[in-house]
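Here's the structure, in structure tokens; my notes come after.
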Amino acid sequence: MDKVGIVGYYYMKMSPDLIYGRYNLIFETVRGALDSVNLKKKDITTVISATNDYYDGRTISNAYCVEPAGAYLADESKAEMDGAFAAQYGLMRILSGNHKLAVVWGGSTPSCYPYDSAQLYQTDPTFERPIALVNNITAGGFQMRAYMEKYGVSAEDIAKVAVKNRKNAAKNPLANPEAQNANITVDDVLKSDILSDPVTELMYAAPCDGLAAILLAPEKQALKITDEPVWIKGVGSNQDPYYLGDRDLSECKSMEMAAKMAFDGAGITAKDVDFAEIFEQYAHEELILAEAIGLAEKGKANELNSEINGDIPINPSGGAIAGHAPFATGLMRIIEAVKQLQGKADGYQVKDPKVAIATGQIGFCAQNNILYVLEKGGN
Amino acid sequence: MGRQVAIASAGFCEHAVRRSDVSMPEMVKEAIDDCLSKVPSVGIEDIDMFVNGNMPAFEGASIPELWMTDWMGARNKPLMRVTTGGTTGGTVAIAGYYSVAAGLPGVDTVLAVAFEQQSQGDTSVGLSSVALGELTAIQSIGMPLQKMKRLVSAGAAIGIAAYQATNYMRKSKITEEDLARVVVQNRRNAAKNWYTHLKMPNVTIEEVLDTPYISYPLRFGMVCPASDGCCAMLFTTEEKAKDMADIPVYVNGVASVANETGIMGYNAGGGGQLDPSEQLGAQRSAELAFDQAGISFPGKEIDYAEVYAPFPNQELMWVEKLGLFETNTAPEMYANGTTAANGEFPINTSGGVNSTNAIGASAMERPAEAALQIMGKAGNQVPKTVHTSLGHGWGGIINLITMMVMADEPKRKFK
Amino acid sequence: MTEQNVVTNKGMVRAEFNFWVGKYMDKFYDNLENKKIVGNKCPKCSDVFVPPRQVCGKCNETIPLEQNWVDLTDTGTLKNYTITKWKITERGSRKVKDSIIGMVQIDGSNTAIIYKLLDVDPADVKTGMKVKIEWNDKTKGEPGDIKGFVKA
Amino acid sequence: MSKKMEYDRKEYDVTRTMPGNWYLSSYKFRYSLDHLQPWFKKLKEKKLVGTQCRSCNTVFFPPRLVCGYCLVKPDLWVDVRETAQVATFNITYEKNPQTGEVVEKPVVCVRHDGTDTAFLAQLSPEINFRETYVGMPLKVKWRDEPEGNIGDLEYYEPLEDEAKDLRKEE
């Protein structure tokens, strides 16, 4: 795989309710990414959007975003999955040699749509949707119980993840203010409202408004654009079966295979990873995914020291719990990993990282996963 | 830098106004089975990655491929969903191309699937929801409701097509009869193709002109149907394609340029394109795709074209804008038989979108048919040998244009 | 970001859908109407699916429509459960009273279906416990014919 | 007149259906009107202004948020004349729900002189729609009491066109 660089990025501070016009949000995000490396509209050759018709309340949700996203007379397409998948499509376009600068943007504003109902539209409409019992909330409950019962992990162990992420979020200036809490304790997490037993409200990455954009360029162009590109060394994605009853929810096979594909492509193993940015919809998912990636043995992820200054920092930015802007969250994980590699994560910087991973997901219980291996470039 | 991509196969399911006998995944499986049946050496387990898409708001399911994983055979395989409205099929095909071209480790053979089961949804609400937000915005800046209702009816897909028609008719001085002639050619062609929807073997121009106006100058008989259907295409590398298919089809140029949303958007920007039949996006797409494919004289070098034209005036317009015919000569080409199946430059012998329109799949059926013509396996195969062909699609508010240029010879990159 | 003039409008319409269930599910619902559970079996790996499917995802094997049907009982094992106050519908989500939602493997099948557990104290629920279908009095051939599961 | 066109139709077995809904009424759409405020202000004074992109000089009327060519916000205000031309048009068929009578109404896209963009507008109700043609010169008919919104441009009245026959021929 040829080297592709992440040369620029932007995401604005997340908020539970960004009272701001949709096109203005898109414009500011894409313009912000271009401005971060002083590029112009005419430098863009391709634009990939990540939006969802059911999250935007309109058919062809990218149709009106052409101008604000800088796609006018550029090669435009839309990946209707998490932004991290859109980034994969952007990466493919760069790798094909047809394009020199790809803008990948994604995001939505859950303050404007019923997030839970929009998730329900993903269910099997011939059987599960009429009963409306399988949804993002119950799926999380099933997953956590399956994980706890199989490996004997306690709710406290899982609450610790939420505590860590919310404390990290407090240091991340762009995190959702509702998720930032420097003084949170395990008890607070366990005593918060029950969302879907055993998942409590503070273990859940509540949706908030946000958009993100990154710029991708081939090696030669990347080096001209910036002194500190971050290289995409490997990417892998994979999809599990749909029915929750078909899957062993205590593990994540799709992430295992995605990670294998990405690590093989990059020629590294999980041991070479300096830190991870994982898209976790619930606190326990961070553990399940970390195990699937190979950062820990099965059932042992809770024993990792994953603090910012720990052995293997996981989600130093706070992860999706710090702000889950649907369809931008995966891009934000990539951006946060890039920030760390560039040494720009002010206040939550991991010590001198070289190799990072960032993940994205879509579907109930992380049905479809994608994983990036990112490497520090430049000096 | 990039790999040569080839199409090994393409398949369809039967299209009809209501595929009431199958659920969405079952319909998709039908097309995948048809696609793989044409390449006996390939099984579902040989596929490394899946790309698919549909127009979700037309069938009420968000990201339905999560649900249909097993039906597609995508369990524990990479899967990517792309969708861009009417061009979904085209973008899915292009994403299939890029997935192979990128040369990601372990990804050689990619199955691209585009589908639509419109009979389960409410297409009119689906269409109005394209602009629903914009309309509420226009209303809140003082547009009276009565006036807005009219704009809604003028602004739906057919309305925009009517704008194009008025401008195009004015410039090329054609009559409604010319439009009807295109319809007749398409529907008669469709009768010879196994999977199509509106099969009308004996339709005449008079019959078409005998139907009422839907939006001047378009009549009921000229407008595309709403179909249920699915299309699948198999993309792979040059080396593997040679083993899989007798005549692999090489994809030499792709483009999917976005044009402005100007007229309908309340505040979308744009360059202010005044004439909707001008189609800067299409021209730019054609430019890009032909440039990649090394085609300098599309009118001479391309043997067969499938253009996405739900309305007859669009078919005339596109073939000109894509550089296949001189400006304003297209109507004549339809009248003198150049574009017929046995003509010099056959166009849409599959019956086109005008006869079969499963929205999400339509734009993929164009490159699929164009590829099958090169392979010699098309439903309504043209008698002449096709070396180079073209598949085109449009969607959004006629602002997203997809192009795929294919040939029986790989393009050699001299870089 | 200091914007003063932002309008927020509501969408006004509702789209209605009718999803064709296909012949496999049609047969399942026909049986459900008669208070019977059927599944179908993969000819290769012999996994039994409830509800029935056209394809076994594990083997990528198409299960013929006419064959491989299996009659099943109305008893099953609780594989997993969760308790939530949230009721999520297409119209929106709201908090109602606690309900126990169970993932039940019908005896003789290899997958699980998700329904409510009825008449059980949350403290008594355990994974692995035996449950039994509680049918609705009037069955219409739809997923709602199964009211839920009760302790067997 | 409304003859149905026959085609070779194949019927498929009908299986049962499961209902589903998409409640768009629970969605919100959010738009910023900041870039339109100066325009509204001038409309109230029966004056027309548009925005110009500093980079490519395109004049947008009505003002738009973003210039597609340059991906910047156009922020130069320029005066726009009251005269315009038909850029394109179509005719819609509205059925009166009471009488069932179908009324033909033109919907036009107009481009104001000196601007580079077109927008949807309404013609004077007195014009016979068959008289409409591309390039037809028009003039704004203002609402008697402008309120500072888009409704102030009540409709467009045709102007004398000396080259009418040529344009229609074109």
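First the proteins, then the strands, lettered A, B, ... as listed; each starts at 1. Atoms considered below: every heavy atom in the structure, side chains included; atoms not considered: hydrogens, waters and symmetry mates.
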At their closest point, which heavy atom of A/Y54 faces which heavy atom of D/Y27, and how far apart are they?
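That closest heavy-atom pairing would be O-OH, 2.6 Å.
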Could you verify whether a donor N or O on one side chain and an acceptor N or O on the other, from A/E76 and A/N62, lie under 3.5 Å apart?
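Yes, because at least one side-chain N or O of A/E76 sits under 3.5 Å from a partner of the opposite role on A/N62.
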D/R54 and D/D75 ion-paired at < 4.0 Å:
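So D/R54 pairs with D/D75 through a salt bridge.
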Chain D heavy atoms under 4.5 Å from [X]: which part of the residue, side chain, backbone, both or neither?
X      : result
A/Y121 : side chain
A/P114 : both
A/R22  : both
A/L120 : neither
A/S117 : neither

Does atom CD (D/E45) have a neighbourhood of more than 12 heavy atoms from anything else shown, all under 6.0 Å?
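Result for CD/D/E45: enclosed.
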Intermediate values then yes/no, salt bridge (Lys or Arg N to Asp or Glu O under 4.0 Å), D/E82 and D/K139
CA-CA 6 Å; D/E82 285 192 356; D/K139 190 170 185 290; 3.2 Å; yes
